Protein chains: 2
Amino acid sequence: MSSGAEPRERGGTPTLASIAAKVGVSINTVSRAIRAPKTVRPELRRQIAEAMDELNYVPNRLAGGLSGTRSDIVGVVVTSLYYSEFASIIDTLQSALLKDNLQVMLANTRYDPDQEITLVRSILSWRPAAVAIIGVDHPAKVTELLKSSGVPVIEMWDVGGGIIDSAVGMDHEGAGKAQAQHIIACGYRHLAFLGSMRENDMRARKRARGAASAIAAAGLPDLVHSVRQEGGRPALGEELVHELLDHHPQIDGIICNSDVVAFGVLKALHERGRKVPDDIGVIGFGDSEAANYVTPSLSTIRPGRHRIGELTAELIVARINGEEPRTDVVDWELIARNSTRPSRSPNR
Amino acid sequence: MSSGAEPRERGGTPTLASIAAKVGVSINTVSRAIRAPKTVRPELRRQIAEAMDELNYVPNRLAGGLSGTRSDIVGVVVTSLYYSEFASIIDTLQSALLKDNLQVMLANTRYDPDQEITLVRSILSWRPAAVAIIGVDHPAKVTELLKSSGVPVIEMWDVGGGIIDSAVGMDHEGAGKAQAQHIIACGYRHLAFLGSMRENDMRARKRARGAASAIAAAGLPDLVHSVRQEGGRPALGEELVHELLDHHPQIDGIICNSDVVAFGVLKALHERGRKVPDDIGVIGFGDSEAANYVTPSLSTIRPGRHRIGELTAELIVARINGEEPRTDVVDWELIARNSTRPSRSPNR
DNA sequence: CGGCCCTGACCCGAGTTTGGG
DNA sequence: TCCCAAACTCGGGTCAGGGCC
């Protein structure tokens with residue numbers, strides 16, 4: 001127990017051969033007893049099961065995957081994990097995959113494209129049965145690797161553009177447009193887009209673009225951007241609001257790129273004495289667990305996180321079983337709370 | 001691209017043999033070119049690298065793991081993922097393991113002991129180089145499987161009791177005691193413990209026990225429990241507060257089992273017209289990102305999540321390299337904010 | 001003779017060892 | 001000495017076939 005120095009103690013872990021020797025049958029019979037129990041006599045089967053239990057036998061799936069059909073690994077590549085939507089997606093996804101005995105192998109790129117290439121290569125080296133990856137915009141090498149691997153690929157969270165194989169996501173540009181339309185419908189006129197905007201977060205860019213187009217369509221002054229190339233945190237929201245209002249005091253509506261940033265925005269506005277929602281409106285994105293519990297409660301967009309995880313799992317299994325690739329678009333929902341004035345026009 | 005039906009297209013994925021054939025050398029020269037470049041002529045090496053790139057060669061680590069020394073997989077078993085501390089731990093852990101080319105294989109038990117047995121067995125079937133698992137209290141079969149596997153095991157989050165191999169965690173009983181001591185120091189006298197308390201969440205039980213002992217030591221009335229066997233959500237906090245105050249109107253201090261539950265508690269207290277922190281004090285656990293942004297801001301315990309992830313990664317690498325098992329205790333910190341009155345006595 | 005139950009031989013793809021030019 | 005190749009290893013899947021009732 002004490003030393004992990006030896007690579008693996010010779011003969012330490014039991015194999016099919018250990019069981020076979022113990023029961024007095026061939027390796028092959030033991031193998032069949034596991035994979036196709038009906039082909040083995042019940043009495044023998046019982047003895048084998050007993051021996052396996054006694055020796056704490058655990059099959060070596062590396063060996064199984066090598067020789068065989070599939071590896072039962074699903075590679076999951078996300079761009080962030082903490083303070084992010086993706087923890088929820090992974091949660092749902094992995095528990096759905098459990099039914100099919102598929103194991104999740106996790107990688108987190110942290111929005112670094114070089115890291116993404118490395119990690120995708122690394123995931124592929126385990127010969128996964130499928131790969132689920134956040135986003136539809138990847139470095140060319142990633143697309144090439146995934147395509148040439150022949151493995152089913154499900155792109156998650158976003159949709160649109162050139163899908164590698166299959167996709168399950170939402171329309172981010174539409175969501176950004178809806179954020180702006182809601183805040184316009186509430187009577188705010190001088191709008192800003194605020195939050196984290198990392199270079200490779202295409203979803204954030206799409207939402208900003210959607211918001212800008214809605215504002216142009218409404219004939220309002222141009223959307224002011226107050227963004228920074230770093231992850232979203234509440235403190236970032238505070239900093240950006242101060243910066244924003246120092247330069248653009250006329251702003252009366254803030255479209256946030258995420259709820260966590262909006263939390264900081266609400267706090268900073270309170271400190272500056274700007275009343276929400278009377279003087280200024282705020283809308284978030286994500287519907288985080290605390291959105292309904294800050295003061296005032298936060299209007300936001302609720303993406304179908306759970307649904308995305310579920311559908312991705314379904315699609316993975318379908319693709320493994322040879323069904324055709326497809327793209328599923330998941331709905332989001334606008335949740336109007338108290339950080340925006342009541343609007344007359346219907347949501348969405 | 002369209003059909004995933006065939007197990008794996010014969011000859012589809014390039015192997016060492018494909019490269020060897022293309023360049024006109026033996027398989028094993030290619031293998032050496034990868035693992036020990038110095039043993040291969042530079043010119044040949046260049047040709048091989050070229051061929052690998054052209055064919056999008058990705059080594060098969062199943063095969064590597066089978067034949068060899070290690071599998072480079074680290075199994076990570078958590079009890080929950082969404083709305084939990086563990087997303088952060090996994091985040092840190094996996095990015096630290098990246099440096100050593102170790103891949104995270106993820107499993108989520110959702111506090112189900114049967115699931116835990118299944119998942120640990122499943123993880124072990126991949127012959128991981130190490131296993132990191134939440135908690136120190138496991139079903140007997142899990143302990144047995146892990147012990148007999150001979151794989152280094154790092155138990156995370158909690159410490160104390162019979163450690164299987166190594167552990168990195170915090171003292172939950174001490175944290176619970178500190179929650180109570182703080183709230184007592186702030187002058188509250190009639191205390192309740194409130195939140196999620198799943199049967200197999202031993203950490204929650206330990207914190208409750210710690211709180212109870214601090215209260216007994218202070219000679220105050222017994223801790224009132226208002227808990228339920230389900231996951232923590234803000235709405236649960238709301239429900240439990242109403243239930244609690246209907247039966248125990250004298251309560252003037254609430255110790256919450258998690259911040260998300262505390263968010264609901266604050267809201268419900270506001271609705272009932274009980275002033276926080278004047279009439280009643282509230283303390284959370286976890287220091288979630290929103291804790292400083294609800295109204296009033298939430299006093300809480302900040303566990304060393306990041307540190308736990310880091311130390312676990314370090315310990316995994318150390319154990320793989322044959323260093324001795326050890327147990328690291330990570331500090332937590334009491335963060336006093338505005339949901340409790342200012343206290344005279346020093347924290348902790 | 002047919003079906004049931006079992007076995008031997010070979011395969012997967014890379015790591016490792018040995019020995020030879 | 002440097003570079004390379006053949007042969008064998010890991011553990012289980014697969015296929016063809018054999019003995020027995």
Side-chain angles (χ1 to χ4, degrees), chain A residues 6-48 52 55 57-73 101 122 124-129 149, chain B residues 6-21 23-48 52 55 57-73 101 124-129 149:
Chain A
E6 293 77 33
R8 172 103 56 206
E9 300 84 278
R10 224 18 78 176
T13 27
T15 68
L16 284 186
S18 331
I19 313 285
K22 194 175 169 75
V23 180
V25 293
S26 82
I27 292 179
N28 200 312
T29 302
V30 180
S31 173
R32 273 181 307 116
I34 297 171
R35 302 191 327 279
K38 286 145 295 182
T39 68
V40 175
R41 199 163 16 109
E43 163 58 13
L44 235 190
R45 213 156 60 198
R46 204 190 46 70
Q47 285 182 45
I48 291 175
M52 294 199 318
L55 268 55
Y57 171 74
V58 177
N60 185 336
R61 294 226 252 172
L62 295 177
L66 214 209
S67 75
T69 32
R70 313 198 327 222
S71 83
D72 291 344
I73 291 177
N101 212 6
S122 179
L124 286 177
S125 75
W126 294 103
R127 296 296 182 268
S149 74
Chain B
E6 293 76 33
R8 172 103 56 208
E9 299 86 277
R10 223 19 77 176
T13 27
T15 70
L16 283 186
S18 329
I19 314 283
V23 179
V25 293
S26 83
I27 291 180
N28 140 341
T29 301
V30 180
S31 173
R32 273 182 307 114
I34 297 172
R35 302 192 325 280
K38 285 144 298 183
T39 66
V40 175
R41 195 159 24 101
E43 163 58 13
L44 234 191
R45 212 157 59 199
R46 202 190 48 69
Q47 286 181 42
I48 289 175
M52 293 198 320
L55 270 55
Y57 171 74
V58 177
N60 184 336
R61 294 227 250 170
L62 295 177
L66 215 208
S67 77
T69 31
R70 307 202 327 224
S71 82
D72 290 344
I73 291 177
N101 213 6
L124 286 176
S125 74
W126 294 103
R127 296 296 181 267
S149 75

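Naming convention: chains lettered A, B, ... in sequence-line order (proteins, then strands); numbering from 1 in each chain. Values below: every heavy atom of this structure, side chains too, minus hydrogens, waters and symmetry copies. A quick note: this is a predicted structure, and the numbers were derived from the prediction, not measured.
Here the side chain of L16(A) is nearest to one of dC6(C), dC15(D), dG12(D), namely dG12(D). Among the nucleotides dC4(D), dG12(D), dA14(C), the one closest to any side-chain atom of A63(B) is dA14(C). Listed nucleotides dG12(D), dG15(C), dC6(C) differ in distance to S67(B); the shortest reach to its side chain belongs to dG15(C).
Taking the side chain as every heavy atom from C-beta outward, N60(A) and T15(A) never approach each other to under 4.5 Å. Using a 4.5 Å heavy-atom cutoff, the side chains of I27(B) and R32(B) are not in contact. Here the side chains of K22(A) and I19(A) are not in contact, with every heavy-atom distance at 4.5 Å or above. With contacts defined as side-chain heavy-atom distances shorter than 4.5 Å, the pair V30(A)/V23(A) does not qualify.
Only one option out of L16(A), I34(A), V58(A) pairs with M52(A) in a side-chain contact (heavy atoms from CB on, under 4.5 Å); it is I34(A).
For the pair V25(A) and I34(B), nearest-nucleotide mapping onto DNA chain C gives the more 5' position to V25(A).
As a whole-Å value, the separation of R45(B) CZ from dC3(D) C1' is 12 Å. Rounded to whole angstrom, the span from the CD1 atom of I27(A) across to the C1' atom of dC10(D) amounts to 12 Å. When the C1' atom of dA14(C) is taken as reference, atom CD1 of I19(B) falls 13 Å away, rounded to whole Å. Between the C1' atom of dA14(C) and the CE atom of M52(B) lies a distance of 14 Å, rounded to the nearest Å. The separation between D72(B) atom CG and dA14(C) atom P is 15 Å, rounded to whole Å. Across the protein-nucleic acid pair, R41(B) atom CZ and dT1(D) atom C1' stand 15 Å apart, rounded to whole Å. Rounded to an integer number of Å, the gap from CG of L66(A) to C1' of dT9(D) is 12 Å.
Of the side-chain N and O atoms in S26(B), none sit less than 4.0 angstrom from OP1 or OP2 of dC4(D). Between T39(B) and the phosphate of dC3(D), there is no side-chain N or O to OP1/OP2 separation shorter than 4.0 Å. One finds no side-chain N or O of R127(B) lying less than 4.0 angstrom from the OP1 or OP2 phosphate oxygen of dG11(D). For dC6(C), the OP1/OP2 oxygens have no side-chain nitrogen or oxygen of T29(A) closer than 4.0 Å. An OP1 or OP2 oxygen of dG13(C) is reached within less than 4.0 angstrom by no side-chain nitrogen or oxygen of Y57(B).
Counting non-hydrogen atoms under 4.0 angstrom, R35(B) reaches a base of the nucleic acid. Among the atoms of the strands shown, base atoms are found under 4.0 Å from some heavy atom of R32(A). Backbone-only contact: T15(A) has heavy atoms under 4.0 Å from sugar-phosphate atoms and none from a base. Contacts of L62(B) with the nucleic acid, taken as non-hydrogen atoms under 4.0 Å apart, are absent.
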Test side chain to side chain contact (heavy atoms under 4.5 Å, CB included) applied to I73(A) and W126(B), step by step | CA-CA 10 Å; I73(A) 291 177; W126(B) 294 103; 3.5 Å; yes
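Between the base of dT17(C) and the side chain of N28(B) there is a donor-acceptor pair shorter than 3.5 Å.
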